[in-house]
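Every chain is numbered from 1 and lettered A, B, ... according to where its sequence line falls, protein lines coming before strand lines.
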Amino acid sequence: MDPFTTAVIACIRNIPPGKVATYGQIGALAGKPTGARQVARILHAMSRKHHLPWHRVVNKQGRISLPRYDGYEMQRARLESEGVVFDADGRIAFDRFLWDGRNE
DNA sequence: CTCGTGACTCCCG
DNA sequence: TCGGGAGCCACGA
């Protein structure tokens with residue numbers, strides 16, 4: 001399997017509950033600062049085969065990238081159940097919930 | 001092997 | 001705030 005893909009999956013597994021990370025952040029940690037798009041692709045493809053906490057990954061604006069009718073509600077519900085709070089604009093406050101990249 | 005397709009992000013009006 | 005263009009490159013067919 002592609003080493004980048006492996007690294008991305010590993011990073012995602014490291015995101016602690018109640019925290020979120022951005023696609024670009026994961027890509028950078030996995031070795032490709034410009035691979036945000038690939039991260040999204042990997043997430044989509046691999047979350048079907050692997051058991052991944054894909055809901056803890058959002059775009060850089062702190063918003064969920066999924067359409068309301070396809071996954072948005074579920075992702076938001078999962079995050080809220082972990083304590084993540086969304087503001088009126090549907091955004092997550094990074095100053096409180098962004099994963100710092102380290103495990104506790 | 002080739003090729004279309006993005007759950008992204010940056011940059012410029 | 002919003003939109004278009006370009007770069008990015010792994011996955012699945």
* To do: May I ask you to decide if A:Arg102's main-chain N or O and A:Asp100's side chain share a donor-acceptor pair within less than 3.5 Å?
  => yes
* List for me each residue that meets side-chain hydrogen bond (donor to acceptor under 3.5 Å, both in side chains) alongside A:Arg37, sequence neighbours excluded, and say none if there are none. => none
* Asked: Hey, which of A:Val8, A:Leu43, A:Ile64 is the one that makes side-chain contact (heavy atoms from CB on, under 4.5 Å) with A:Val57?
  -> A:Leu43
* Contact summary for A:Phe4 and A:Gly27, nearest pair of heavy atoms -> CE1-O, 3.9 Å
* Structure fact -> 5'-most contact on DNA chain C (nearest-nucleotide basis), A:Asp89 vs A:Asp2, goes to A:Asp89
* In residues 25-57 of chain A, what residues come within less than 4.0 Å of DNA chain C, judged by heavy atoms? -> A:Lys32, A:Thr34, A:Arg37, A:Gln38, A:Arg41, A:Ala45, A:Arg48, A:Lys49
* Is it possible for you to say whether A:Met1 and A:Trp54 belong to one hydrophobic cluster, with membership spreading through side-chain heavy-atom contacts below 4.5 Å? => yes
* To do: Could you note down all residue pairs passing salt bridge (Lys or Arg N to Asp or Glu O under 4.0 Å) where residues 72-86 of chain A supplies at least one of them, sequence neighbours left out?
  => A:Arg56-A:Glu82, A:Arg68-A:Glu73, A:Arg76-A:Glu80
* To do: Give the rounded distance in Å between these two atoms: CD1 of A:Ile15 and C1' of B:dA7.
  => 13 Å
* Provide, to the nearest angstrom, the distance between the CG atom belonging to A:Asn59 and the P atom belonging to B:dC10. => 10 Å
* Asked: Could you give the CZ-to-C1' distance, from A:Phe94 to B:dT9, as a whole number of Å?
  -> 12 Å
* To do: Using whole Å, report how far CD of A:Gln61 lies from C1' of B:dC10.
  => 12 Å
* To do: Identify, between A:Pro67 and A:Lys60, the residue whose nearest nucleotide on DNA chain B lies closer to the 5' end.
  => A:Pro67
